[in-house]
Amino acid sequence: METIKDNERLFDAEDVFFSTTDRKGVIRCSNRIFVSLARHPREELIGAPHNIIRHDDMPAGVFKLLWDDLEAGRPVCTYVLNRAGDGLDYWVFATVSAVEDGYVSVRTKPLKTETLDAVREVYGRVRALERQADEEGASRKEVAERGAEALAAELAELGFDSLTAFSRAALPEEASLLVREGVKVPQREEAEGSAATILGLAAAIEENSEILVSQMAEYRALLTGLGEWAQGAPAIVERARRTGELVDILHSEDPESSVPNVAGRITERTSRAVERLGGLTDSVSALYDAVEDLVFHAPLMRLHTIVLGSYAAAVLDGTEEDVPTAMAELHHALAADLKTVAAVCTTLEEQIEAMDAVLREVVSDLDRTRRPFDRWLRALQDEGAYLSEGAEGDIEALLSEAQGLSSTGFPEVGALAVLAARCRGLDLSFDSEAMDSRVDDIRIAIETL
């Protein structure tokens, strides 16, 4: 259902629509909703460049960065303002990814309003700079390049180092809100034929991937926790290193003290802990990347499942044209998603296991350091201390520093253990063989449309 507010046409969350293009952006096919919102005849849209619905307020820099990412093989998600043939505007959240010899762009209603509001302001500032460059005689290429540079700076102000980073943050939020709105693969009870088969298979894929998609909030919480831990990791390494260093330079004045024996064990364990903490930091970084991949690709899979199912339902309703071609393009996109998600789940399981193994080693080393270090410190406080030859520093200040290190300990390791337990608690159930079978069945059904 459409409504009009001022000069803007609004549409409902369930109005999921798409178009496909060749590598140059020439429209190959679309669904009925795309044609309806564009307010151009289908015969005028098919074969036309996609900028037939481009709005003059859209910065050229957006499309420059978008095409850069697409040509590098990266899906792109961003907000786009379009101008329909009847002169009305409409905003969409566009998700563009590669298919065979071209691209598929799925559009949904923008639901993250605060993000859209921020983007509106950013686009306005960037477009103003582009218009100024145009007035100064810059070429179209130069205008786009300046716009892309300005947009990159604006994204950085919002906390994103690239359009890719913005895409990876925006899609999970928009997809989660779309699902929360109740948008899913439609049902057509008692329908028959190839389109009905495709619809049923899309619904099965949606159902079998529900566990992964339903954990989006937990994935994002884990990303936050892992990111914060990684930022604090250098401080942990430095405390472990400094613990070993203090033990090496401070000695007991009592010739019969047990400090030398204790110090040797501490030095050995802190040295090993420092080395393993480096490996642990690498493991956390790899785990972060794996979770981030799942956070992006699981909702991308869901979006392509919904659009395939919605299109199959519309075919059953008799409202679509160019069906086999369009269905094949959507099938290609979903098949690629399922393979990616299967690989990401496998990688994530491996990274969780790898981090667990390194974490256990680090915890063992640091736990076995704590008590000896406390005994070493108490002995020096009771027996008196002196510095190694060539070492510099105030003994009291160094002992005070050692006391501070003892009191602080390594609480971050415990926090990481909690994150690791949460990672192990994720349900990464994904039957890739069953998914492959369904994808193949969809291909066969398309051949009989």
Side-chain angles (χ1 to χ4, degrees), residues 13 16 74-75 77 93 95 97 104 106 108 111-112 167-187 198-227 286-310 330-356 419-442:
V16 178
R74 294 185 291 267
C77 311
F93 181 72
T95 299
S97 50
V104 59
V106 179
T108 56
L111 297 172
K112 189 73 173 177
S167 296
R168 293 175 76 88
L171 175 61
E173 291 183 332
E174 286 288 346
S176 293
L177 291 171
L178 193 70
V179 171
R180 196 177 302 168
E181 287 282 322
V183 178
K184 58 189 301 183
V185 172
Q187 294 183 349
I198 294 168
L199 177 59
L201 290 166
I205 290 172
E206 180 181 59
E207 180 181 356
N208 294 155
S209 61
E210 180 60 30
I211 291 175
L212 281 181
V213 175
S214 66
Q215 297 177 112
M216 290 304 302
E218 177 62 6
Y219 300 151
R220 290 198 292 269
L222 282 173
L223 279 179
T224 299
L226 291 169
L287 179 59
Y288 181 96
D289 290 343
V291 175
E292 188 177 47
D293 281 344
L294 187 58
V295 165
F296 180 74
H297 287 288
L300 183 61
M301 170 188 66
R302 172 54 60 88
L303 188 62
H304 285 152
T305 303
I306 290 173
V307 75
L308 177 69
S310 298
L330 296 177
H331 167 260
H332 187 284
L334 179 57
D337 292 338
L338 294 172
K339 286 187 180 299
T340 299
V341 169
V344 168
C345 286
T346 298
T347 299
L348 184 51
E349 289 174 335
E350 292 172 351
Q351 293 301 336
I352 291 171
E353 185 177 342
M355 189 188 75
D356 266 350
L419 286 172
R422 288 170 61 185
C423 287
R424 290 193 301 272
L426 292 175
D427 188 339
L428 299 174
S429 303
F430 190 81
D431 191 338
S432 57
E433 290 186 5
M435 293 295 190
D436 288 343
S437 177
R438 291 187 179 101
V439 165
D440 198 46
D441 288 343
I442 291 173

Practice task
Test Gln351 against Cys423 for side-chain contact (heavy atoms from CB on, under 4.5 Å), laying out the working first.
Solution key: CA-CA 10 Å; Gln351 293 301 336; Cys423 287; over 6 Å; no
Handout entry: Side chain to side chain, Glu207 and Val185, heavy atoms closer than 4.5 Å
Key = no
Exercise for the section: Kindly give the heavy-atom pair with the smallest separation between Pro75 and Ser97, and that separation in Å. Expected result: CB-CB, 4.1 Å
Exercise for the section: Check whether any side-chain heavy atom of Arg74 lies under 4.5 Å from a side-chain heavy atom of Ser167, and answer yes or no. Expected result: no
Handout entry: Heavy-atom closest contact (Asp356 atom, Ala420 atom, distance)
Key = OD1-CB, 3.5 Å
Practice task
Considering only NZ, NE, NH1 and NH2 on the basic side and carboxylate oxygens on the acidic side, decide whether Glu210 and Arg302 come within less than 4.0 Å.
Solution key: yes
Practice task
Tell me, with the steps shown, if Asp436 and Lys339 meet side-chain contact (heavy atoms from CB on, under 4.5 Å).
Solution key: CA-CA 8 Å; Asp436 288 343; Lys339 286 187 180 299; 4.3 Å; yes
Name every donor-acceptor pair, under 3.5 Å, that has one atom in a side chain of residues 292-300 and the other anywhere in the protein, sequence neighbours excluded.
from: Asp293; atom 1: OD1; to: Arg168; atom 2: NH2; distance (Å): 2.5

Practice task
Supply the atom-to-atom distance His331 NE2 to Leu201 CG, rounded to the nearest 0.5 angstrom.
Solution key: 9.5 Å
Fill in the blank from the handout: Nearest heavy-atom approach of Thr95 to Leu171 is OG1-CD1, 3.9 Å
Practice task
Over all heavy atoms of both residues, which pair between Arg422 and Ala221 is shortest? Give the atoms and the distance, please.
Solution key: NH2-CB, 3.4 Å
Problem - Phe93: partners by ring-ring contact (aromatic ring centres under 6.0 Å, His included), with sequence neighbours left out - result: Tyr79
Handout entry: Chi angles and distances behind the side-chain contact (heavy atoms from CB on, under 4.5 Å) call for Ser432, Leu338
Key = CA-CA 8 Å; Ser432 57; Leu338 294 172; over 6 Å; no
Handout entry: Any side-chain heavy-atom pair of Arg220 and Ser176 under 4.5 Å
Key = yes
Practice task
Starting at CG of Leu348, measure out to CG of Asp289 and round the result to the nearest 0.5 Å.
Solution key: 11.0 Å
Handout entry: His304 side, atom NE2; Leu334 side, atom CG - distance, nearest 0.5 Å
Key = 8.0 Å
Completion exercise
Checking Ile306, Leu303, Val307 against Thr108 for side chain to side chain contact (heavy atoms under 4.5 Å, CB included), the one that qualifies is Leu303
Exercise for the section: Take Asn208 and Asp431 through the side-chain contact (heavy atoms from CB on, under 4.5 Å) test and state the conclusion after the steps. Expected result: CA-CA 8 Å; Asn208 294 155; Asp431 191 338; over 6 Å; no
Problem - Note, Leu308 side chain near Ile205 side chain (heavy atom, < 4.5 Å) - result: no
Problem - Sub-4.5 Å side-chain heavy-atom contact between Asp427 and Leu212 - result: no
Fill in the blank from the handout: Rounded to the nearest 0.5 angstrom, the CD1-CD distance for Ile352 and Glu350 is 10.5 Å
Exercise for the section: Taking all non-hydrogen atoms of both residues into account, name the closest pair between Val439 and Ala335 and its distance. Expected result: CG1-CB, 3.6 Å
Problem - Atom of Met301, atom of Val213 and distance for their closest heavy-atom approach - result: CE-CG2, 4.3 Å
